[in-house]
Amino acid sequence: MKPPPGVTSKDFADALKQLEGAVGKSWVFSSDEDVALYRDAYSPFWGEPEERVASAAVAPDGVEQVQKVVKIANTYKIPIYPISTGKNLGYGGSAPNLSGSLVLDLKRMNRILDVNPRNHSALVEPGVSYFDLYRHIQEKGYKLWIDVPDPGWGSPIGNSLDHGGGYLQPMYRNHFDSHCGMEVVLPNGEVLRTGMGALPDAQTWQQYKFGFGPWIDGMFSQSNLGVVTKMGFWLMPEPDAYLTGTVTVPKYGDLIPLVDILTFLENSGVSNAMPGLGSPLLGGFMMPPPAPEVTALLQKTGGDISSPDLQKYAQDKGLPYWSCTVKFYGPVKGIQAHWEYAKEKFSAIPGAKFQDGEFYKLPLTPEQFKQVHKPEFGIPSLETFSIGARSAINPNPSAGHIWFSPIIPRTGEAVLEANKVFSKAAKNFGLPVLSFSLPSTYWMRAFIFIFGFPITHDVATNKKNRESFKKLIQIAAEHGWGEYRTAPAFQDAVMDTYSFNNHALRRFHETIKDAVDPNGIISAGRYGIWPKHLRGTKA
Amino acid sequence: MAFAREMHQFGAPIHAIDGDITDLWFHDLHAAWTKQPVAIAGLTAHGPLFCLERLAWDHGMRVVFREEHSVQVDSEPLYSWIIAPKQEQL
């Protein structure tokens, strides 16, 4: 067992003894076998000296025990790394930014403290998983949906603090936006409640976010200023029905009005479920692969999807360049009317064609339940892990992946430009190049590209991929596109790109960090924010 | 199936999965493991084992036996494995 950096073996042993006194001997993990469980299965440094690994872990079962842990950590200046369920694979898992940190595993704090079926909210602890909350709601018979990511084995608190997203109405699928009130153990061990929670005996903690004075909740997300021990969330009332419809458009340039109309429909609240963009011509993720003739044309033109030959091929074959599936939750008559209205709007694009999609009256029947993409119905699922498995179409799956996920403007022009930029970069780096990628639509006002970088157990391959990843971060930033979230290995590189006015934002974070956490015990380095004594040594 | 039939003869409840462990997790294991750690054994591809192993860790369980087989299903090797409470190392 290697002690945390800057902590002597004797001090660490003394601290572990005190931690055992605070939480119980069986909830302090220091054997190599136990600590290995906190490795990031998708670490881009897997098996290398630079892999970020914990020194030990401690699992408190309540706020008072968290306070005790924080105080002990302060006494011995031990870096601690809180995790809720630690399952955000692809963005770091349960491994700390700073090797040698003590993982503060909050899995035992798994109480669902309140679910309000009349005003549709919940108050939970960090160890509550989406499956736990879903089960609770089902058992109570509440007509409530939770917005879950895919896969859904993580926790509402952990996912929202990392700015994760889901699939329901926009006000819910931005998971941090849909939270309402939090409780935080500060680095000095004090307990803070935000929003209306600051009012003793408040009856509206999960109803009004802002309370009184500056709203500080954001300072505890993607951050290291405290340990969040409770959080409220707004839940979606189960709608009467769900409907989808798809519009296809024939020409290359049609992507631009297609996106504009979609954006109008979403920002107006007409389309209120997560839409999907596709290309029947080019294929791509979750779509049939392109025809061999298309592949040949793309090879001939160096991947130019705007080539006249390809446009002619699409026209001759009647293959649409683009598709957009719009989705609706609500009363049957309402969503049917919204689909009709959407068709009217999309009809402004010459050659637009429409196809009705799925229609379900809710709740789903058992048969429907088996067929649907469950997160779009507020149901947690692990199905995505079977999609990535080895198969005839994926003969050599990697050991894991890390996500490169830049935010880009919500315009067709930006989608086309980003594809040119990232395709060129991928070719230069020797990475697999898709014919074309379309962005995800998690957020209402911006697009996000999500590219999976393979993680292997081969040191040389991982090294090459890490270098490419860092270059892509830089290339994206040069075009004004920034990552929304990344694995610890790249958080310094991403924070470096948010450099307006000589890194004024990071300097502000550091000022706050120094004031709130002078010993720098909580999540050192998380999202590129280092405590004073480590600053400049890690980036 | 032969593996499952044999296990069933020993009185063990058996579950078939098609790559996705969600139903098994939600309807059986989650509730059972929340009450107490219970050993399970399986013959699956890597993906289901990967998920079950991580879920088991949260309940004080470990993969205590794992063996890759030359038999493949859909181009993927199968693993036989046992997940058991931490102290029951084989």
Side-chain angles (χ1 to χ4, degrees), chain A residues 26-27 29 31 33-34 36-42 57 59 83-87 89 93-94 105-108 110 127 129-132 134-135 138-139 148 150-155 366 369-370 374-375 379-397 399-400, chain B residues 15-37 40 42-66 68-79 81 83-90:
Chain A
S26 57
W27 298 109
F29 308 107
S31 72
E33 184 212 351
D34 286 337
L37 305 186
Y38 294 96
R39 287 176 77 179
D40 174 13
Y42 294 177
I83 62 166
S84 47
T85 55
K87 293 192 171 56
L89 300 181
S94 49
D105 184 345
L106 303 172
K107 67 185 174 190
R108 293 172 70 208
N110 58 1
S129 71
Y130 287 102
F131 279 104
D132 293 329
Y134 177 74
R135 180 186 299 282
Q138 296 300 305
E139 286 175 353
V148 298
D150 195 8
W153 61 357
S155 71
F369 186 97
K370 287 180 193 163
K374 291 180 179 57
I379 304 161
S381 168
L382 295 168
E383 188 181 7
T384 189
F385 286 105
S386 58
I387 294 169
R390 183 179 281 110
S391 67
I393 57 166
N394 186 19
N396 295 302
Chain B
H15 299 270
I17 59 167
D18 185 16
D20 177 13
I21 66 151
T22 306
D23 280 352
L24 171 64
W25 170 245
F26 185 72
H27 293 294
D28 294 284
L29 292 179
H30 186 213
W33 286 355
T34 299
K35 286 180 194 155
Q36 61 177 359
I40 61 170
L43 181 68
T44 67
H46 172 73
L49 174 57
F50 179 84
C51 291
L52 287 169
E53 180 172 23
R54 273 150 188 81
L55 292 164
W57 290 347
D58 292 337
H59 296 272
M61 319 250 287
R62 301 284 189 275
V63 172
V64 295
F65 170 78
R66 151 180 15 218
E68 182 176 341
H69 297 280
S70 53
V71 180
Q72 296 199 341
V73 174
D74 293 335
S75 313
E76 195 162 16
L78 289 177
Y79 295 80
W81 47 262
I83 291 175
K86 188 174 149 186
Q87 61 272 23
E88 294 179 19
Q89 300 287 346
L90 293 182

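Chain letters run A, B, ... following the sequence lines, proteins first, then strands; residues in each count from 1.
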What part of [X] gets within 4.5 angstrom of chain B, counting heavy atoms only: side chain, backbone, both, or neither?
| X | answer |
| --- | --- |
| A:Lys374 | neither |
| A:Pro151 | neither |
| A:Asp132 | both |

Report task. Quick one: closest heavy-atom pair of A:Pro380 and B:Thr22, and the distance? Result ->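 Between these two residues, the closest heavy atoms are O-CG2, 3.8 Å.
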
**Report entry** Atom of A:Arg135, atom of B:Ala31 and distance for their closest heavy-atom approach
**Finding:**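 Closest heavy-atom pair between A:Arg135 and B:Ala31: NH2-N, 4.1 Å.
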
Report task. Please identify each residue that fulfils salt bridge (Lys or Arg N to Asp or Glu O under 4.0 Å) with A:Asp34, with sequence neighbours left out. Result ->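 Applying salt bridge (Lys or Arg N to Asp or Glu O under 4.0 Å) to A:Asp34 gives B:Arg62, B:Lys86.
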
Query raised in the report: Taking A:Ala59, A:Gly86, A:Ser381, A:Ser129 one by one, which has the highest count of heavy-atom pairs under 4.5 Å against chain B?
Result: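 If we count pairs closer than 4.5 Å to chain B, A:Ser381 comes out on top.
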
Query - Heavy-atom side-chain proximity of A:Trp153 to B:Cys51 below 4.5 angstrom - result: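 Result yes, sub-4.5 Å side-chain heavy-atom pair found.
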
**Report entry** B:Leu55 side chain near A:Lys87 side chain, heavy-atom distance below 4.5 Å
**Finding:**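 SC-SC contact between B:Leu55 and A:Lys87 confirmed.
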
Query raised in the report: Roughly how far, to the nearest 0.5 Å, is the CG atom of A:Leu382 from the CG atom of B:Leu52?
Result: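 So the gap between those two atoms works out to 9.0 Å.
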
Query raised in the report: Would you call the rings of B:Trp25 and A:Phe131 parallel, tilted or perpendicular, where under 30° means parallel and over 60° means perpendicular?
Result: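 Perpendicular: the ring planes of B:Trp25 and A:Phe131 meet at over 60°.
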
